Participant: 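Below is the structure I would like to discuss, written out as structure tokens.
All values reported here derive from a predicted model rather than from experimental measurement. Keep in mind that the numbers below use all heavy atoms, side chains included, and drop hydrogens, waters and symmetry copies.
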4 protein chains.
Amino acid sequence: MTAASTEEKRAAISEAAIKMFARKGYHGTRIADIAREAKVSYGLVYHYFKSKEEIVTFLFQRKWDLLVGVIDSIQREEVGFERQVEAVTSFLIESYRLNPELIEALVMEITRNGKFIKGRNLRLLEKALSGMESMVRSGQARGEVRTGIDPKVVSYAFFGSIESILTGFVFKTLPQDDAAVERAKQGVRDLFIQGLRPIHGDRVLAAQPA
Amino acid sequence: MTAASTEEKRAAISEAAIKMFARKGYHGTRIADIAREAKVSYGLVYHYFKSKEEIVTFLFQRKWDLLVGVIDSIQREEVGFERQVEAVTSFLIESYRLNPELIEALVMEITRNGKFIKGRNLRLLEKALSGMESMVRSGQARGEVRTGIDPKVVSYAFFGSIESILTGFVFKTLPQDDAAVERAKQGVRDLFIQGLRPIHGDRVLAAQPA
Amino acid sequence: MTAASTEEKRAAISEAAIKMFARKGYHGTRIADIAREAKVSYGLVYHYFKSKEEIVTFLFQRKWDLLVGVIDSIQREEVGFERQVEAVTSFLIESYRLNPELIEALVMEITRNGKFIKGRNLRLLEKALSGMESMVRSGQARGEVRTGIDPKVVSYAFFGSIESILTGFVFKTLPQDDAAVERAKQGVRDLFIQGLRPIHGDRVLAAQPA
Amino acid sequence: MTAASTEEKRAAISEAAIKMFARKGYHGTRIADIAREAKVSYGLVYHYFKSKEEIVTFLFQRKWDLLVGVIDSIQREEVGFERQVEAVTSFLIESYRLNPELIEALVMEITRNGKFIKGRNLRLLEKALSGMESMVRSGQARGEVRTGIDPKVVSYAFFGSIESILTGFVFKTLPQDDAAVERAKQGVRDLFIQGLRPIHGDRVLAAQPA
DNA sequence: GATGAATGAGTTTTCATTCAT
DNA sequence: GATGAATGAAAACTCATTCAT
């Protein structure tokens, strides 16, 4: 561990942190674990990061930025609501296939520990949510999405669905083979596409009050 | 805190624990916090519980048992899939209105901390999930739910949606007034009812591959 | 170390702290040292004191309060300036004979580390100084002390003299036998008594400018 | 920081060290602070000094040597005791006016931290003290100083007085304007000159035992 | 000579848990 | 049952010092 730029080193350490957080959670991970994983002395970790918390913060910032960026760009594409839902679903579910450890870390800590759903991260999460909310709203404006449903509620339900499924992958309560992943992707997509499709006079369904 | 049966004392302590876990999370809560909240010396906590972990375990057992029990009984009712979805959704969303602290605790720790989605708790969660899965499966058998969708995926998506919305309530990123809660309830219900309704030849939608 | 009231325990721990601070200085003393000296686990030290700094603070408060109190009461006695100087000098120099470790600790850390000559301790030190200043000023008013000298400067010089001599004792650069201590006491007393005595027309001396 | 001889570099670094020690004390000063102040990488500090301790040692050596040298030369001058006291007092008090940071550092660490009043520094301090002691002793031999007082005690009292006043300047508990500095200088000088002046039959004063 | 990345021993502090009363 | 004093393992963090470039 000699050369490498400061940025590369920070990246290397935060990659190690992702691995450890995914494996043992934030509280379960000691700085020494991260250092060992990064093949670095733990003193060096403090050379690059002020504290344990700064590591998570840094890690979240980069990864969430990426995630939010993708959702944002999908939202901008003018391809119709259903295509957008499909694209976002695919991207999120595929992310797990590509980088399960990262998703595990995000699922384990970001989503899972209230402490980090605060400040910046909360705002990023909200940005992702509001991206979806906008898609729904635009879809409603274009008549592609029925209007009798709250777009904010939809956005929460959508990301909740994805998160839940990813959690299922992480905790192995859902099968993770390619077919199963594909099935999950289709399931969510279909659920939201059909669930939001306008129907005849709309508002038709509204189950009668119990 | 003098008389009271052992069971009452355990209950009192675990109620205090719920409050504190909701407020500060599992790791952020010290035994002393729970003791103070329960107006009890912290030494006494160890008379009633072997360890901090046993407190959460006990707490989850009772609350999840209740929750799972309700879902179970709804599943048993022969009222048709849509009515069941409606009932479960109502029950879960209403729970927050009735006992927000409990939901916060469950959301903060049970759902959110991998450590506890293990062992018994994982099994309980799975029981809830499989209850929903069974409803979907039965609905499919009765022709009330379209068949081109994986019931397990649906159950994850459903509970994920609910959890996400409850989290929104807990973190105040969703409005919590009665109208908003009602809107959330309707949104989830409609989404899943319409999203799962069989359509003409079914499998119709499947967005073409990008 | 089982019974004993909280106050007694705090006292016991701070006595141990005095010993260690005297021996190794504040920075050189580890909590573990204090704990060992007090025959107590170091965890217990934190039961009674929030932090290492609180220990010094507590220690200073009690000891300085005592010291300042004595000076204060001497100041109040109407016995003439010379008697007062004599009394204060005796008290301070004798203190070392009675409790050398305490004086060492005070000399080592309180007087010697800028950090602690702040806040409350600074104020206490100032109270001691201003006590002496008042004595000088009163002496001037009564014609017992010559007026051509700044009372504040005198008070600093006086305590500086004492401190310096105590330091000599602590660092063994001055002999500590009874005769030597007596000699020190007389020296300081005579110096200040004669040095401040009014002379004929006063202001006589003022060495001509070099 | 490219050219410059080794000696110049050592001097530059130790000047920076003086500033930092004055500002934050020895323990509060990190090598990095000194390096930053000297506009040098902290690695380089180790090219010029073996350790942090060597920096203080070096710094003391030069400064104390200077100080001791001046006192020594004053002692050698045959100008009578009172003129000597005047000269030493002026030199010491003026030093603060000329280089307050240096005095602060000396006051903060040298005088104030037992650890460094050891070995060489202790010896230097003793040299200064013994210089004054010699002046007193010589004065006694010449009949200029009364004999009923221990010269060693006088020397401690004298330097203690000066130190205390300088500390007052450093900690701003004494005014630092020119008039106040002048007043301090006169005060100490007068106190010791008159306080040590032989009186008729000498030993006259000795306050009666309480 | 310079630089600053790398190291790791050493310390404080926290807190679950035990235990004497 | 009840209390809270006592314990000590565990972990974060600091910083003097070394060393490769």
Participant: If you pin C:Val45 and D:Gly28 to their nearest nucleotides in DNA chain F, which one's is more 5'?
Facilitator: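 This one resolves to C:Val45.
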Participant: Using whole Å, what does the distance between atom C1' of nucleotide F:dG8 and atom CZ of C:Arg36 come to?
Facilitator: 14 Å
Participant: Just how far, in rounded Å, is C1' of F:dA6 from CZ of C:Arg10?
Facilitator: 17 Å
Participant: Any side-chain N or O of C:Ser51 less than 4.0 Å from the OP1 or OP2 oxygen of E:dT14?
Facilitator: no
Participant: For the side chain of A:Ser41, counting heavy atoms from C-beta on, which of E:dA5, E:dG8, E:dT12 is nearest?
Facilitator: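 Nearest to the side-chain atoms of A:Ser41, counting from C-beta on, is E:dG8.
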Participant: Is it true that a side-chain atom of A:Lys19 and a backbone atom of A:Ala38 form a donor plus acceptor pair closer than 3.5 Å?
Facilitator: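 Here the side-chain-to-backbone pair does not exist.
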Participant: Can you tell me the pairing partner of F:dT21 across any strand shown, Watson-Crick or G-U wobble, with both distances under 3.5 angstrom?
Facilitator: E:dA2
Participant: Look at C:Arg30 together with C:Asp33 and state whether they make a salt bridge at an N to O cut-off of under 4.0 Å.
Facilitator: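 Yes, charged N to carboxylate O under 4.0 Å.
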Participant: Provide, to the nearest angstrom, the distance between the CD1 atom belonging to A:Ile34 and the C1' atom belonging to E:dA6.
Facilitator: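 Rounded to the whole Å, the gap is 17 Å.
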Participant: Has B:Ser51 got a side-chain atom pairing as donor or acceptor with B:Glu54's backbone, closer than 3.5 angstrom?
Facilitator: yes
Participant: Taking the six-membered ring of D:Tyr26 as reference, does the NZ or CZ atom of D:Lys52 fall below 6.0 Å from its centre and within a 45° cone about the axis?
Facilitator: yes
Participant: Using heavy atoms to find the nearest nucleotide of DNA chain E for D:Gly43 and C:Thr29 separately, return the residue whose nucleotide is more 5′.
Facilitator: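 Its nearest nucleotide being more 5', the pick is D:Gly43.
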Participant: So, is A:Lys50 near the phosphate of F:dT14, with a side-chain N or O under 4.0 Å from OP1 or OP2?
Facilitator: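 So the side chain of A:Lys50 is outside the cut-off, no N or O lying under 4.0 Å from OP1 or OP2 of F:dT14.
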Participant: In terms of side-chain heavy atoms of B:Tyr48, which of F:dA5, E:dC15, F:dA2 is nearest?
Facilitator: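 From the listed options, F:dA2 comes nearest.
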Participant: Looking at C:Arg10 and C:Tyr48, would you say the former's side chain and the latter's main chain have a donor-acceptor pair under 3.5 Å?
Facilitator: yes
Participant: Would you indicate which nucleotide in F:dC13, E:dT12, F:dG8 comes nearest to any side-chain atom of C:Arg30?
Facilitator: E:dT12
Participant: Given atom CG of C:Asp33 and atom C1' of E:dT12, what is their separation to the nearest angstrom?
Facilitator: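 Distance check: C:Asp33 CG to E:dT12 C1' gives 13 Å.
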Participant: Roughly how many Å is it from CE in B:Met20 to P in E:dC15, rounded to a whole number?
Facilitator: 12 Å
Participant: Separation of A:Lys52 atom NZ from F:dT14 atom C1', in whole Å?
Facilitator: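 About 17 Å, once rounded to whole Å.
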Participant: Which whole-number value in Å describes the distance from D:Glu53 CD to F:dC15 C1'?
Facilitator: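 That distance rounds to 16 Å.
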Participant: Start at the 5' end of DNA chain E and walk down; is the nucleotide closest to D:His47 or to C:Tyr46 reached first?
Facilitator: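 Whichever sits nearer the 5' end wins; that is D:His47.
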Participant: Could you check whether the side chain of A:Tyr42 and the base of E:dA9 have a donor-acceptor pair of N or O atoms closer than 3.5 Å, going by distance alone?
Facilitator: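 It does, because a donor-acceptor pair links the side chain of A:Tyr42 to the base of E:dA9 below 3.5 Å.
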Participant: Who does F:dC13 pair with, Watson-Crick or G-U, both distances under 3.5 Å?
Facilitator: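 Paired with F:dC13, as far as the under-3.5 Å criterion goes, is E:dG10.
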Participant: In whole angstroms, how far is the P atom of E:dC19 from the CG atom of B:Leu44?
Facilitator: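 Between P of E:dC19 and CG of B:Leu44: 17 Å.
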Participant: Looking only at the side chain of B:Ile31 (C-beta and beyond, no hydrogens), which of the listed nucleotides F:dA2, E:dA16, F:dT17 gets closest?
Facilitator: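 In terms of side-chain proximity for B:Ile31, the closest of F:dA2, E:dA16, F:dT17 is E:dA16.
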